[in-house]
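Reading through the structure tokens given below for one structure.
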Protein chains: 2
Amino acid sequence: MSAMAIEEPSQQASPDGDAPAALVWNRPARAPRRRALTVHRIVEASVALADAEGLDALSMRRVAAEVPTGTTSLYRQVASRGELLELMTDAVLGEVPPAPLTGDWRTDLHALATGQRAALLRHDWLGAVMSTRPALGPNSLRRIDRTLAAATALTRGDITLAGEAVSIIGDYVAGHAAREVAERETLRRTGTTEEQWRASLGPYLHRVIASGEYPAFTRRVVEAAERSFDELFAAGLETVLDGLAARYGN
Amino acid sequence: MSAMAIEEPSQQASPDGDAPAALVWNRPARAPRRRALTVHRIVEASVALADAEGLDALSMRRVAAEVPTGTTSLYRQVASRGELLELMTDAVLGEVPPAPLTGDWRTDLHALATGQRAALLRHDWLGAVMSTRPALGPNSLRRIDRTLAAATALTRGDITLAGEAVSIIGDYVAGHAAREVAERETLRRTGTTEEQWRASLGPYLHRVIASGEYPAFTRRVVEAAERSFDELFAAGLETVLDGLAARYGN
DNA sequence: AGCCGTGTGGGTACAGTGTTCCCAACTTAG
DNA sequence: CTAAGTTGGGAACACTGTACCCACACGGCT
């Protein structure tokens with residue numbers, strides 16, 4: 001995201017010793033000196049790759065090819081693929097820092113939840129990683145901290161109750177995003193568009209409906225109005241916030 | 001679960017033709033005739049294996065070894081590993097059929113949500129699978145149908161709103177269970193007990209706290225009372241149901 | 001009674017995975 | 001100009017899912 005200007009650690013940087021600079025730049029053909037292999041560069045390439053092709057495509061060899069570097073050179077910067085996933089998680093959680101709190105718990109929790117959802121949708125692998133290993137990096141902690149602070153305004157200072165509230169919101173957001181991402185993932189995996197997928201489901205759905213064993217489901221499929229994920233999330237989040245207000249709040 | 005008694009399709013079963021039965025049982029050493037390889041047996045073994053050793057251990061070769069049969073014989077009953085996962089999902093969703101509805105939406109939705117959570121906790125791989133591919137098997141549909149029916153009592157017959165409500169509850173349940181399972185999974189992966197894990201986190205947590213950048217998180221760690229997952233789920237579910245009551249209800 | 005087509009079980013092979021061990025090459029210090 | 005040491009990367013190992021193909025046992029026919 002932030003274009004970090006990487007300084008070349010060349011001889012010019014040395015404070016004294018007027019070396020013949022012109023000659024330095026005329027070095028063999030060795031390229032302008034390969035940038036050092038850093039965790040940052042590895043994580044950046046990994047996030048781009050996972051965004052574009054999914055977690056399955058994120059093999060160490062593919063990452064190395066994208067950086068580019070040798071496969072096993074990665075292991076000098078990163079202990080394992082798992083650790084790389086953790087670094088990626090924290091990196092993307094830091095892309096958009098949480099806005100400063102307004103003091104109104106409902107506004108603040110709404111904004112934080114929406115931001116979390118945005119991150120989960122922007123990187124569809126994020127949910128899968130976070131539901132496997134706990135996110136403990138600084139960016140993750142910052143988000144948790146701000147959310148707790150916002151919830152404390154709701155629970156009138158009770159930190160235990162604030163923790164409960166944060167868990168409840170977090171669980172809902174994670175669950176909702178997971179379902180939305182699952183649908184995308186299915187389309188990608190089967191390589192179909194939404195219409196094609198729906199069409200391929202058609203015959204089976206008809207049999208299900210014809211069986212008469214699922215009357216409510218049938219009504220749902222036949223009668224119910226279509227709801228977008230955005231609408232559903234908006235409704236769900238309001239519902240949860242209403243519940244929290246009733247339970248803890250004023 | 002249900003101990004299905006599988007009939008041996010031996011020659012004895014053939015109605016006529018008094019074959020010399022004694023000789024049949026004295027066949028080479030070919031065993032008393034191997035049970036036929038069925039999807040059922042494969043799924044059963046797969047569920048057991050995934051429960052015991054996790055999804056990562058569920059390779060086709062391991063499954064075949066457990067059944068037992070040859071690896072590639074599995075592909076005659078099951079098209080791919082993905083399809084096997086779908087079959088496993090529906091199998092475990094059918095283990096405990098949903099109780100008949102009482103008519104009180106709150107009681108019914110509570111029971112259905114609790115049952116769903118129980119399934120997700122009983123098989124810790126279930127959440128990961130369901131958040132990758134949509135569950136469309138008969139047992140899954142039955143659960144969805146019953147939940148929709150229960151929610152329809154809340155929304156006074158509006159099936160669109162009932163669909164919303166079901167999504168919201170489902171998302172919360174899935175999110176909560178995912179977090180609980182993630183913790184278990186982490187312990188298993190690192191091969192530590194909860195205390196060991198906490199201890200290994202200690203130094204890092206102290207640095208985090210000492211940094212002073214996460215005041216609310218620090219309060220949470222230092223002051224907040226411990227909440228079990230069961231307590232949290234109970235509180236969260238009540239909160240969501242409260243919210244639904246306020247939004248749709250009477 | 002003998003035979004033959006059919007379908008089931010399974011071995012081999014291929015392209016890929018994460019990771020460890022080791023070595024070569026380049027940079028810097030003296 | 002040499003010595004030390006850090007960094008990059010190749011080869012190998014024990015795995016993975018799955019396509020292809022081949023034996024073999026059984027049911028129905030002649």
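Here is how names work: the chains are called A, B, and so on, in the same order as the sequence lines, proteins then strands, and each is numbered from 1.
- Remark on the helix from dA1(C)-dT30(D) to dG30(C)-dC1(D): inter-end axis angle 20°, axes from five-pair C1' superpositions, rounded to 10°.
- In this structure, the side chains of Leu55(A) and Val129(A) come closer than 4.5 Å at one or more pairs of heavy atoms.
- Arg62(B) and Glu66(B) are joined by a salt bridge, as a carboxylate oxygen and a charged side-chain nitrogen come within less than 4.0 angstrom of each other.
- Sorted by first and then second residue, the ring pair (Phe, Tyr, Trp, His ring centres under 6.0 Å) pairs involving residues 122-143 of chain B (not counting sequence neighbours) are His123(B)-Trp125(B).
- Under 4.0 Å is where a charged nitrogen must lie from a carboxylate oxygen, and between Glu194(B) and Arg198(B) at least one such pair does.
- You'll find the side chain of Ser73(A) reaches within 4.5 Å of the side chain of Leu37(A), heavy atoms only.
- Between the side chain of Thr72(B) and the base of dG11(C), at least one donor-acceptor pair of N or O atoms lies under 3.5 Å.
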Please enumerate all protein N or O atoms sitting under 3.5 Å from an N or O of nucleotides 13-17 of chain C, with distances to 0.1 Å.
residue, atom, partner, partner atom, Å
dT17(C), OP1, Ser59(A), OG, 2.8

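- Distance NE2/His176(B) to CZ/Arg117(B): 4.5 Å, rounded to 0.5 Å.
- Across all their heavy atoms, Leu232(A) and Ser167(B) have their closest contact at CD2-CB, 3.9 Å.
- For dT7(D), the OP1/OP2 oxygens have no side-chain nitrogen or oxygen of Gln77(A) closer than 4.0 Å.
- The residue Thr71(B) sits close to a base: some heavy atom pair falls under 4.0 Å.
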